[in-house]
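First the structure, which I've put down as structure tokens, then a few questions once you've had a look.
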Amino acid sequence: MYSDVVVLSIGHSARDTFNILFEKGVHISQKPFSIGVRIEHLKETINKSQYGRFYNHPKLKAADYKLSHRAKNGRAVYTFCMCPGGYVVASASEENMVVTNGMSEFARNNINSNSAILVSVSPEDFPSNHPLSGVEFQRIYEKKAFEISNSYYAPVQLFGDFLKSKKSSKFGKITPTYRPGTIFYDLNKIFPDYISSALKEGILAMGKKLKGFSDYNSLLTGVETRSSSPIRIERNENYESINVEGLYPTGEGAGYAGGITSSAVDGIRVAEKIISKYKKGW
Ligand SMILES: Cc1cc2nc3c(=O)[nH]c(=O)nc-3n(C[C@H](O)[C@H](O)[C@H](O)COP(=O)(O)OP(=O)(O)OC[C@H]3O[C@@H](n4cnc5c(N)ncnc54)[C@H](O)[C@@H]3O)c2cc1C
């Protein structure tokens, strides 16, 4: 089937389609993104820190937060996709890989709250100059996480043990929400030092802003690698691919948005560009 207009809104994990597009010659570039872990606390800890003595008030929903820190090695460390009263969820899109993400149900009534805690990475960190090398970079950590137990169990560690590079042996007050299950592991062995050290520094700094955030028992679950797209499908001022006329890379997968709202807005912008191109003929 042929068409004059193809809107390509494939999401940031359509690795098979990324490959096809690259092989067909569509212009793709590397792009910075972030990787890290999920950090889980008791919802009550976060509520107390944010709401003080009103933490139990029935009219208040589970509290959220947004924290950031610039590490000494220059990396940005930040929380992302905070899920109050939510769950850490499995999000692998390929076999034999472990990937975490997070979600809350409408009631936000689970016992834990979690967030991604991420460190910025850029093309200089990737294994090669190949336009899809960011995907290879993601795969390194997703595969390492899988190979710990050769299963979809995610590696977990108490933050206090992460600081000491010591494998945890039992959970504290917080038990993981990740399914199908977890395995204790020293996360320092998964990540390069520039990620681990930035995570440690960032979490400690955030603990000064949000009481309880950097407690010994705060639970880290790895790995979070899909914060945003590792590629950009380059487009011109008309939002078309720079070398394939009529192809409109759109949303998160194209590397022009991150999250639900910005992806939707990008879709509207692309639709407007297509309308303006064709309306003269209507
Ligand atoms: C567990 C989880 C929780 C999240 N929570 C939040 C949140 O709270 N807030 C937030 O802002 N964002 C959240 N996100 C991120 C959000 O889902 C994405 O940013 C957003 O959906 C991107 O929109 P998109 O339209 O660009 O791509 P997507 O929503 O990923 O849609 C891409 C679609 O293209 C399809 N596709 C891929 N390749 C092909 C092909 N070759 N042919 C046909 N179809 C194809 C895919 O199957 C998919 O349906 C979350 C993501 C996950 C996984």
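Whatever order the structure lists them in is the order used to number ligands and atoms, beginning at 1.
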Check your understanding: With only distance considered, is Cys81 within less than 3.5 Å of ligand 1 through an N or O on each side?
Key -> no

Count the heavy atoms belonging to other residues, nucleotides or ligands that lie under 6.0 Å from NZ of Lys143, then report whether that count exceeds 12.
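Check fails, neighbour count at 12 or below.
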
### Query
Out of curiosity, is Ser13 lining ligand 1, as in a heavy atom under 4.0 Å away?
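In this structure, Ser13 fails to qualify as a contact of ligand 1 - no heavy atom is under 4.0 Å.
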
Q.
Test of understanding: given a 4.0 Å heavy-atom threshold, classify the contact between Ala14 and ligand 1 as side chain, backbone, both, or neither.
A.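 The side chain, only.
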
Can you pull out the closest protein heavy atom to atom 7 (C) of ligand 1? Residue, atom name and distance to 0.1 Å, please.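 Heavy-atom neighbour on the protein nearest atom 7 (C) of ligand 1: Ile260 CD1, 4.0 Å.
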
Q.
For the 3.5 Å polar cut-off, considering only N or O atoms, please tell me whether Gly253 and ligand 1 meet it.
A.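 So ligand 1 has no N or O lying under 3.5 Å from an N or O of Gly253.
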
> Crowded around Asn236 CG? As in, over 12 foreign heavy atoms under 6.0 Å?
Replying inline: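 Correct, the count exceeds 12.
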
Handout entry: Distance-only N or O hit between ligand 1 and Thr17, under 3.5 Å
Key = yes

Using a 6.0 Å cut-off, check whether atom NZ of Lys173 has over 12 heavy atoms from anything other than its own residue.
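No, not enclosed.
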
Evaluate the 4.0 Å heavy atom contact test for atom 47 (O) of ligand 1: does a protein atom fall under the cut-off?
->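 Within 4.0 Å of atom 47 (O) of ligand 1, no protein heavy atoms are found.
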
Query raised in the report: Is any heavy atom of the protein nearer than 4.0 Å to atom 38 (N) of ligand 1?
Result: yes

**Asked** Between Phe184 and Phe171, how do the two ring planes meet: parallel, tilted or perpendicular, split at 30° and 60°?
**Response**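 Taking Phe171 first and then Phe184, their aromatic rings sit tilted (interplane angle of 30° to 60°).
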
(message) Given 3.5 Å as the limit, does a donor-acceptor pair link the side chain of Lys189 with the main chain of Ser165, or not?
(response)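 No, Lys189 side chain to Ser165 backbone: no donor-acceptor pair under 3.5 Å.
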
Atom 27 (O) of ligand 1 within contact range, any protein heavy atom under 4.0 Å | yes

Please compare Leu21, Val88, Ile20, Asn101 and report which has the shortest non-hydrogen distance to atom 50 (C) of ligand 1.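 Looking at heavy atoms only, Asn101 sits closest to atom 50 (C) of ligand 1.
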
I'd like to check whether Glu252 has a polar contact with ligand 1, where a contact means an N/O of the residue lying under 3.5 Å from an N/O of the ligand.
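Indeed, backbone or side chain, Glu252 has an N or O that close.
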
**Report entry** Within residues 8-22 or reaching into it, pairs that qualify as side chain to side chain donor-acceptor pair (under 3.5 Å) - sequence neighbours excluded
**Finding:**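 Every side chain to side chain donor-acceptor pair (under 3.5 Å) pair that includes a residue of residues 8-22, provided the two are not neighbours, is Ser13-Arg226, Arg15-Glu94, Arg15-Gln138, Arg15-Glu142.
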
Between Phe33 and Phe126, what is the ring plane arrangement, given parallel below 30°, perpendicular above 60°, and tilted in between?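 Aromatic pair Phe33/Phe126 classed tilted.
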
- Could you tell me whether atom 43 (C) of ligand 1 has a protein heavy atom closer than 4.0 Å?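 Protein heavy atoms within 4.0 Å of atom 43 (C) of ligand 1 - there are none.
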
Across all chains, not counting sequence neighbours, the side-chain contact (heavy atoms from CB on, under 4.5 Å) partners of Lys61 are Phe106, Arg108

